[in-house]
Amino acid sequence: MLEVKNISKKFGTTEVLKDINFTLEKGDALAIIGSSGSGKTTLLRCLNFLEKPNKGQILVDGKLIFDADDPSTQKENEIRRKRLHFGLVFQNFNLFPQYTAKENVMLASQLLAKEREDYKEKKKEILAEITAEAEDLLTQVGLSEKMDLYPHQLSGGQCKRVAIARALALHPEILCFDEPTSALDPELTGEVLKVIRSLAEKDTTMIIVTHEMAFARDVADKVVFMDEGVVVEEGPAHEVIENPKAERTRHFLARYSQEQM
Amino acid sequence: MFATVLQALNEGFFETLKLFAVTLLGALPLGLIISFGSMSKFSPLRWLTHGIVWIIRGTPLMLQLIIIFYVPGYILPQNPWAVENGRFWAAAVAFIINYACYFSEIYRGGIQGVPVGQQEAGQVLGMTKTQIFFKVTLMQMVKRIVPPMSNEIITLVKDTAIARMIGWQELIYAGYAFMKGSHGYAGLYWPLLFTGLYYLLFNGLLTILFGRIEKKLSYFR
Ligand SMILES: Nc1ncnc2c1ncn2[C@@H]1O[C@H](COP(=O)(O)OP(=O)(O)OP(=O)(O)O)[C@@H](O)[C@H]1O
Ligand SMILES: [Mg+2]
C-alpha cells in the first residue's frame with residue numbers, strides 16, 4: 001500500500017537520506033531502527049510532507065502522491081489533503097497546550113467537517129459524532145478519566161497516548177510514530193507500548209521508529225535498519241533482529257542484546 | 001487652596017491619560033507592523049527594522065522627544081508642530097515611535113516563542129495556515145505577550161511625565177506649577193502627594209486589570 005522509491009534528502013550539502021527504498025503492505029507494522037542521526041525522523045517527516053525530498057517518489061495504493069521531479073505533485077493546497085494519508089505521532093507529542101485532551105483529539109476533525117457539503121444541515125449530528133469518537137478513542141488508549149485535563153496536567157505517557165488518539169481521529173491509512181517511548185520511564189513506556197500493540201492487533205498500518213528492539217521484534221512484521229541515511233538491511237522482524245545479515249546491523253544490535261533481550 | 005490644586009491636577013491628569021491612550025492606540029498596531037518587518041524573510045527590510053529598533057531602544061526617550069519637537073522646525077520650511085496642540089502631537093509621535101519599537105520586540109518574542117512543532121502538528125492534522133494561526137498559535141502568542149506588555153504599559157504611564165520636557169502640561173507639570181507659585185509650604189507637599197497618588201491609583205488599576213487577564217490565561221501552560 002505504501003511504496004517509497006529512491007528518496008533522497010539534503011540539508012545544505014549534507015545528505016541525510018540517500019536513496020531510500022521500501023514498501024509496506026496494508027495492515028503491516030514496519031519498525032525502523034538505527035543509531036542516532038541515521039535519518040529516521042527525517043524520513044518520517046518526508047512522508048508527512050514536513051520536509052521535501054530532493055529526489056524520489058512516494059506512492060500510496062499505487063497512486064503517485066509525491067514526485068520530486070514533478071511540481072504538479074507538490075501543490076500547496078493538495079499537499080494538505082495528501083497529508084491525511086499519513087498520521088504522525090511526534091517524538092515530543094506537540095499537543096496543543098490550550099486545549100484539553102478531548103479538544104486536542106477533536107480539533108482537526110471539527111475543522112475538516114466544516115468542508116463537508118452537508119455540514120450546515122447536519123451540524124449537530126456531525127459534531128456529536130466527532131465528540132463521541134474522540135471519547136471512544138481516548139477510552140481505547142486508557143484515558144477515559146482524563147479527557148478534560150489540559151496537557152500540562154498529564155504525565156508524559158498520558159500525553160503520548162493523547163497524541164496517538166489525536167492522530168487516529170483522522171483515520172490515517174498509515175500511522176507513523178517517532179520514538180513513541182523515548183523520554184518515558186519504564187512504567188510509562190509499558191502503557192504506550194500496550195496501546196501500539198493493540199493497534200497492531202487491529203491491523204493498523206504503521207511505521208514505528210524505535211529503539212525498543214524487543215518490541216520491534218514482537219510487534220512489527222517488518223524491520224528496516226538504517227545507518228547514515230542508507231537502508232542497510234530490511235526483512236521480516238524476527239530475521240533482521242535475531243539473525244542480521246549485514247555486518248553493520250549486527251554491530252548495532254550487539255549494543256542492545258545484553259540489556260534488552 | 002485644596003480645590004484649586006485638585007482641579008489643576010485633574011486637568012493635568014486628563015492630559016496624561018490622553019497621551020497614554022493615544023500612545024497605546026498608535027504603538028500597539030505599529031509595533032505589530034515593525035515586528036513583522038523584523039521577522040521578514042527579505043533581509044534588507046529585516047536589517048533596517050533591526051537598526052531602527054536598536055537606535056530607538058538604545059537612546060533616551062527624552063532625547064527622542066526633544067529631537068522630534070525641535071528638529072523639524074529647523075529643517076522643514078514650516079514647523080509641523082506650530083499648530084494647536086502641537087506640543088501634544090509632538091509628544092504623541094515621539095511616544096508612539098518609541099513604544100512601538102519596544103512593543104515590536106515583545107510581539108516578536110511572543111510569535112517566535114511558540115515552538116515550530118505546534119505549527120507542524122497542525123499541518124500534519126490537515127489544517128490550513130489560517131486555521132493553524134487562529135486555532136493553535138494565536139492564543140499561545142497572546143499568553144506570551146501579556147506579561148511583558150503589561151510591564152511596558154505601566155512604564156508608559158510613568159514615562160508620560162517626560163513630555164513636560166517640551167512644555168506640554170501634563171500631571172507633573174500641573175503639580176510643579178504650584179511649587180513654584182506663592183502658596184508657601186503647603187504649595188509644596190500637597191501637589192507632590194497628589195501627583196504621586198494619581199500615578200499610584202492609575203497603575204494600581206492597570207495592575208489589577210492585567211492580573212485578571214493573566215489569570216484568565218493561566219488555565220494552560
Ligand atoms: N532541519 C535540519 N537542518 C539540518 N540538518 C538536519 C535537520 N534535521 C536533521 N538534520 C540532520 O540530519 C541527520 C539525521 O537527523 P534525524 O533527526 O533524521 O536522525 P534520527 O535518525 O531521527 O536520530 P535520533 O535517533 O537521534 O532521533 C542528523 O545529522 C541531523 O543533524
Ligand atoms: Mg529522531
Side-chain angles (χ1 to χ4, degrees), chain A residues 41 44-45 47-51 76-101 103-115 148-154 159 162-163 165-172 174-178, chain B residues 28 32 35-36 39-43 46-47 106-151 209-221:
Chain A
T41 298
L44 289 190
R45 290 174 59 85
L47 292 178
N48 284 275
F49 294 89
L50 291 175
E51 305 286 357
E76 187 69 33
N77 53 340
E78 287 172 23
I79 282 182
R80 190 170 73 85
R81 283 273 157 190
K82 287 177 186 173
R83 279 200 171 104
L84 297 175
H85 290 295
F86 297 90
L88 175 60
V89 179
F90 290 88
Q91 186 166 6
N92 57 352
F93 346 121
N94 289 333
L95 291 180
F96 305 131
Q98 73 268 44
Y99 295 120
T100 62
E103 289 165 343
N104 261 280
V105 178
M106 295 193 309
L107 181 64
S109 309
Q110 286 171 331
L111 294 173
L112 277 173
K114 288 188 184 162
E115 291 169 33
D148 297 318
L149 296 185
Y150 289 91
H152 76 270
Q153 298 167 315
L154 298 170
C159 285
V162 175
R166 184 174 72 173
L168 284 170
L170 294 180
H171 309 286
I174 300 155
L175 186 54
C176 306
F177 294 87
D178 195 359
Chain B
L28 286 172
L32 193 60
S35 79
F36 289 146
M39 293 183 289
S40 166
K41 282 189 187 124
F42 181 58
S43 56
R46 200 171 59 236
W47 291 119
I106 294 177
Y107 286 129
R108 188 160 71 96
I111 292 170
Q112 293 181 337
V114 178
V116 247
Q118 290 292 308
Q119 192 163 340
E120 291 179 348
Q123 287 178 322
V124 166
L125 292 168
M127 296 184 201
T128 63
K129 286 216 164 101
T130 329
Q131 289 172 338
I132 293 173
F133 179 75
F134 285 107
K135 297 285 179 180
V136 177
T137 42
L138 183 61
M139 266 307 249
Q140 299 180 47
M141 288 174 195
V142 171
K143 188 180 167 79
R144 283 177 165 79
I145 286 168
V146 168
M149 199 57 106
S150 73
N151 275 333
L209 176 73
F210 285 121
R212 288 242 170 111
I213 299 176
E214 277 179 47
K215 195 151 177 231
K216 272 243 158 88
L217 289 170
S218 70
Y219 69 91
F220 73 90
R221 264 183 224 150

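Since the model is a prediction, treat every value here as computed from it, not as a measurement. Throughout, a chain's letter reflects where its sequence line sits, starting with A, and its residues are numbered from 1.
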Between [X] and chain B, which part of the residue has a heavy atom less than 4.5 Å away: side chain, backbone, both or neither?
X       : answer
A/Leu84 : side chain
A/Leu88 : both
A/Ile79 : neither

Of all the heavy-atom pairs spanning [X] and [Y], show the shortest one and how long it is.
X        : Y        : answer
A/Pro172 : A/Phe86  : CB-C, 3.6 Å
A/Leu175 : A/Ala167 : CD1-CB, 3.6 Å
A/Pro151 : A/Pro97  : CD-O, 3.7 Å
B/Tyr107 : B/Leu28  : OH-O, 2.9 Å

Which donor-acceptor pairs lie under 3.5 Å between chain B and chain A?
{"from": "B/Gly117", "atom 1": "O", "to": "A/Asn94", "atom 2": "ND2", "distance (Å)": "3.3"}
{"from": "B/Gln118", "atom 1": "NE2", "to": "A/Leu95", "atom 2": "O", "distance (Å)": "2.9"}
{"from": "B/Glu120", "atom 1": "OE1", "to": "A/Arg45", "atom 2": "NH1", "distance (Å)": "2.9"}
{"from": "B/Glu120", "atom 1": "OE2", "to": "A/Arg45", "atom 2": "NH1", "distance (Å)": "3.3"}
{"from": "B/Glu120", "atom 1": "OE2", "to": "A/Arg45", "atom 2": "NH2", "distance (Å)": "2.8"}
{"from": "B/Gly126", "atom 1": "O", "to": "A/Arg80", "atom 2": "NH1", "distance (Å)": "2.6"}
{"from": "B/Lys135", "atom 1": "O", "to": "A/Gln98", "atom 2": "NE2", "distance (Å)": "3.4"}
{"from": "B/Lys135", "atom 1": "O", "to": "A/Tyr99", "atom 2": "OH", "distance (Å)": "2.6"}
{"from": "B/Val136", "atom 1": "O", "to": "A/Gln98", "atom 2": "NE2", "distance (Å)": "2.6"}
{"from": "B/Gln140", "atom 1": "NE2", "to": "A/Gln98", "atom 2": "OE1", "distance (Å)": "3.3"}

- Query: Looking at side-chain heavy atoms only, is the closest gap between A/Phe90 and A/Leu50 below 4.5 Å?
  - Reply: yes
- Do B/Phe36 and B/Ile111 come within less than 4.5 Å of each other through their side chains, counting heavy atoms only? yes
- Query: Does the side chain to side chain contact (heavy atoms under 4.5 Å, CB included) test come out yes or no for A/Leu112 and A/Leu170, once each step is laid out?
  - Reply: CA-CA 9 Å; A/Leu112 277 173; A/Leu170 294 180; 3.6 Å; yes
